[in-house]
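Computation of the quantities below employed the complete heavy-atom set of this structure, encompassing side-chain atoms and omitting hydrogens, waters and symmetry-equivalent molecules.
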Amino acid sequence: DIYQNIAQTYQEMNKPEEAKNIYQIILDKYPNPDRDYGAKMNIISLKRQQNKREEAIKYYQALLGQYANSPERNADIYQNIAQTYQEMNKPEEAEKILEEFKKLRK
């Protein structure tokens, strides 16, 4: 939709705060489960791009609780947490997260 496109354009222009504001509009004014998930993940992605990776991990962990009944979204969130740890040069933490995910999937 148009707001998603505007937010992505701001991201491409390296204007993360403007992009975050648009994603927040999507969450606040146009609630929709699928769109909400995408907007939340994009906001967290902006945190990663701004080198606020510890903060991003906290947001991802909060999302795990919100989407506990969605295996596909949980897999996506776990993958993003692991990638974020990799970006932080913490491969051991990334491995722990992936192992945690594997245990949950059994």
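- A salt bridge does not link Glu55 to Lys58: none of the charged side-chain nitrogens sits closer than 4.0 Å to a carboxylate oxygen.
- Closest of all the heavy-atom pairs between Asn32 and Asp34 is OD1-N, 2.9 Å.
- Scanning both residues, Pro33 and Arg73, for their nearest heavy atoms gives O-NH1, 3.8 Å.
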Gln24 and Leu27: CA distance, side-chain angles, deciding distance, side chain to side chain contact (heavy atoms under 4.5 Å, CB included) verdict: CA-CA 5 Å; Gln24 197 60 53; Leu27 290 170; 4.0 Å; yes

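- The closest side-chain donor-acceptor pair between Tyr30 and Gln4, if any, does not fall under 3.5 angstrom.
- Applying the 4.5 Å side-chain rule to ILVMFWY residues, one finds that Leu98 remains a lone member of its cluster.
- Heavy-atom contacts from other residues, nucleotides or ligands closer than 6.0 Å to OH of Tyr10 number 12 or fewer.
- From Lys40, atom NZ reaches atom CD1 of Ile26 across 12.5 Å, with rounding to the nearest 0.5 Å.
- The CZ atom of Arg35 sits 4.5 Å away from the CG atom of Asp1 when rounded to the nearest 0.5 Å.
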Audit row: Ile57, Glu93, side chain to side chain contact (heavy atoms under 4.5 Å, CB included) steps and yes/no: CA-CA 11 Å; Ile57 288 170; Glu93 293 296 323; over 6 Å; no

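- The hydrophobic clustering, which links ILVMFWY residues whose side-chain heavy atoms are closer than 4.5 Å, places Ile81 and Tyr37 together.
- Nearest heavy-atom pair, Pro16 versus Leu46, reported as atom, atom and distance to 0.1 Å: O-CD1, 3.6 Å.
- By the 6.0 Å contact criterion, CG on Asn69 is open, its count of non-hydrogen atoms from other residues, nucleotides or ligands being 12 or less.
- Residue pairs satisfying the salt bridge (Lys or Arg N to Asp or Glu O under 4.0 Å) criterion with at least one member in residues 8-20, sequence neighbours excluded, are absent.
- Between the CG atom in Asp76 and the OG atom in Ser70 there is a gap of 9.0 Å [rounded to 0.5 Å].
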From CA spacing to verdict: side chain to side chain contact (heavy atoms under 4.5 Å, CB included), Lys47, Tyr60: CA-CA 11 Å; Lys47 297 281 182 201; Tyr60 283 133; over 6 Å; no

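- Checked by atom type and distance alone, the side chain of Thr84 pairs as donor or acceptor with a backbone atom of Asn80 at under 3.5 Å.
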Candidate pair Glu99 and Lys102, rule side chain to side chain contact (heavy atoms under 4.5 Å, CB included), full reasoning: CA-CA 5 Å; Glu99 288 301 317; Lys102 286 179 192 175; 3.3 Å; yes

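- Closest heavy-atom contact between Ala7 and Ile22: CB-CG2, 3.7 Å.
- The closest side-chain donor-acceptor pair between Arg48 and Tyr59, if any, does not fall under 3.5 angstrom.
- Met13 and Ile2 fall into different hydrophobic clusters, where Ile, Leu, Val, Met, Phe, Trp and Tyr side chains are chained together by heavy-atom contacts under 4.5 Å.
- Of the inter-residue distances, the one linking Ile44 atom CD1 with Lys52 atom NZ reads 13.5 Å to the nearest 0.5 angstrom.
- Atom-to-atom distance recorded for Lys29:NZ and Tyr3:OH is 6.5 Å, nearest 0.5 angstrom.
- Between Tyr78 and Phe101, the ring-plane angle classifies as tilted under the 30° and 60° cut-offs.
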